[in-house]
Each structure stands twice: as C-alpha cells, then as structure tokens.
Amino acid sequence: MIDSIMLVDDEDLFHLVFEDACSLLDITLSLQALNSADEAEKLFKRWFEAGPIEDRPECVFVDLNIIGSSYDGIELIRRINFEYGDNVVIGIISSSNELNEQAKAVQAGAQFWIVKSDEIEPRLEEFVQDYDGYRSKSAPFKVYK
C-alpha cells in the first residue's frame, strides 16, 4: 500500500484526475500536488536538512515538461535521487512516450514511466501491483501504457 504520494505537474486539471484515480483505487492516504519542479526541490531540500520527517512522500510522480519551472521532470528526478537520497520511489508521468526521453529518465534514476491519459486508473492499478518491487529497488524500469 502506498501511504503518501507527491505529484509534480503543472496541469491543475490533471491533479484532480490523478487524485480521483488514487481515491478510487484506495492507494494513498496523503496526496500532495505541486505545480513546479522548483517547489518540489525546495521541499526535498527542507526535508533533507531537517533529518527524518514523516511528511516526506514515499512515492513521487513527476511530469516530464513542467511549464514555469527552472528545469524539467528528468532533472528534478536526478536532483532528488543524487542530492537528497534515493530512498523514494520516483518516476515520470507524462503524455509523452518517447524512447530517448525514457532513456534519460532511467539515467536520472526514474524507476517507472506512466503514460498519461483520461483512463489513468488501469495504469495506476498496474503500478500498484509492482510497487513493492520499486520500493525494494528490485523491479526493472517499466513503461505503463
């Protein structure tokens, strides 16, 4: 079971779609939705400097292109993994499905890629089935289409 999720996506409407899908699948107790990579990095920096904090998400979904941010989702994943520790399950959620972008995401430390659509629930449901493998770092990178 996933207890806490952070969604970093610049589309407010998708925040609602994602939140609805999570509640229908009963996969989260706490969902934090942010609109920018900069905002997410500030939170991780604060959590990292403060030591163990229970508010930290255990799973982070990052949009590939976050309008209004200083950098894209792949760079945010790289920063979270390499500057603030890699103890969080993290991956991309994007309407893009380009192989070269997926390769960059893997290099940055992404564990999964979920292709956005109006029917996000089946993808999230499949992701939840694989979640323990991501948490234990034993699951291979996977694209959910």
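Considering CG of D130 and CZ of R135, their distance stands at 13.5 Å, rounded to 0.5 Å. We find the OG-CD1 distance between S95 and I114 to be 13.5 Å, quoted to the nearest 0.5 Å. With values rounded to the nearest 0.5 angstrom, E125 atom CD is found 6.0 Å from Q129 atom CD. Atom CD in E19 sits 12.0 Å away from atom CD in Q32 (nearest 0.5 Å). Atoms CG and CG, from L7 and L31 in turn, are 6.5 Å apart once rounded to the nearest 0.5 Å. D10 CG to I67 CD1: the interatomic distance, rounded to the nearest 0.5 Å, is 4.5 Å.
Under the 4.5 Å side-chain criterion, counting only non-hydrogen atoms from C-beta, R78 is in contact with E75. In this structure, L76 and V8 have side chains that are in contact, with non-hydrogen atoms separated by less than 4.5 Å. L43 is listed as a side-chain neighbour of L34, based on a closest heavy-atom distance under 4.5 Å. Looking at heavy atoms from C-beta onward, R123 lies in side-chain contact with S117 at the 4.5 angstrom threshold. Residues V128 and I2 are in side-chain contact: their nearest non-hydrogen atoms beyond the backbone lie under 4.5 Å apart. In this structure the side chain of S136 never reaches within 4.5 angstrom of the side chain of Y131, judged on heavy atoms. Between V88 and E58, every side-chain heavy-atom pair lies at or beyond the 4.5 Å cut-off. Looking only at side-chain heavy atoms (C-beta outward), K116 and D63 come within less than 4.5 Å of each other.
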Does Q111 form a side-chain contact (heavy atoms from CB on, under 4.5 Å) with K142? I'd like the steps, not just the answer. CA-CA 7 Å; Q111 295 172 274; K142 184 174 180 179; over 6 Å; no
With side-chain contact (heavy atoms from CB on, under 4.5 Å) as the criterion, how do C59 and I90 come out once you've worked through the C-alpha distance, each side chain's angles and the decisive distance to 0.1 Å? CA-CA 6 Å; C59 184; I90 191 165; over 6 Å; no
Just do the side-chain contact (heavy atoms from CB on, under 4.5 Å) check on E41 and E83 with the steps written out, would you? CA-CA 10 Å; E41 186 181 17; E83 294 181 27; 3.8 Å; yes
Please determine whether side-chain contact (heavy atoms from CB on, under 4.5 Å) holds for the pair I74 and I92, giving the CA-CA distance in whole Å, both sets of side-chain angles, and the decisive distance to 0.1 Å. CA-CA 8 Å; I74 291 173; I92 295 284; 4.2 Å; yes
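Applying the side-chain hydrogen bond (donor to acceptor under 3.5 Å, both in side chains) test to Y134 and every residue at least two apart in sequence or in another chain returns Y144. S36 is linked by a side chain to side chain contact (heavy atoms under 4.5 Å, CB included) to D38, E39, S69, counting only residues two or more places apart in sequence or in another chain. Here V106 pairs with F141 under the side chain to side chain contact (heavy atoms under 4.5 Å, CB included) rule; sequence neighbours left out. Looking at residues two or more places apart in sequence or on another chain, you find no side-chain hydrogen bond (donor to acceptor under 3.5 Å, both in side chains) involving K145.
Residue pairs that meet the ring-ring contact (aromatic ring centres under 6.0 Å, His included) test with at least one member in residues 55-75, sequence neighbours left out, are F18-F61, F61-F112, F61-F127. Counting only residues at least two apart or in different chains, side chain to side chain donor-acceptor pair (under 3.5 Å) contacts with residues 98-109 comprise N97-Q102.
Around atom CG of L16, more than 12 heavy atoms belonging to other residues, nucleotides or ligands sit under 6.0 Å away.
Nearest heavy-atom pair, P57 versus F44, reported as atom, atom and distance to 0.1 Å: CG-CZ, 4.1 Å. The two residues W113 and S96 make their nearest non-hydrogen contact at NE1-O, 2.9 Å. When all heavy atoms are compared, the tightest approach of S94 to L64 is OG-CB, 3.5 Å. Minimum interatomic distance between H15 and D9 (heavy atoms only, all atoms of both residues): NE2-O, 2.6 Å.
Between the side chain of N81 and the backbone N or O of A108, at least one donor-acceptor pair lies under 3.5 Å.
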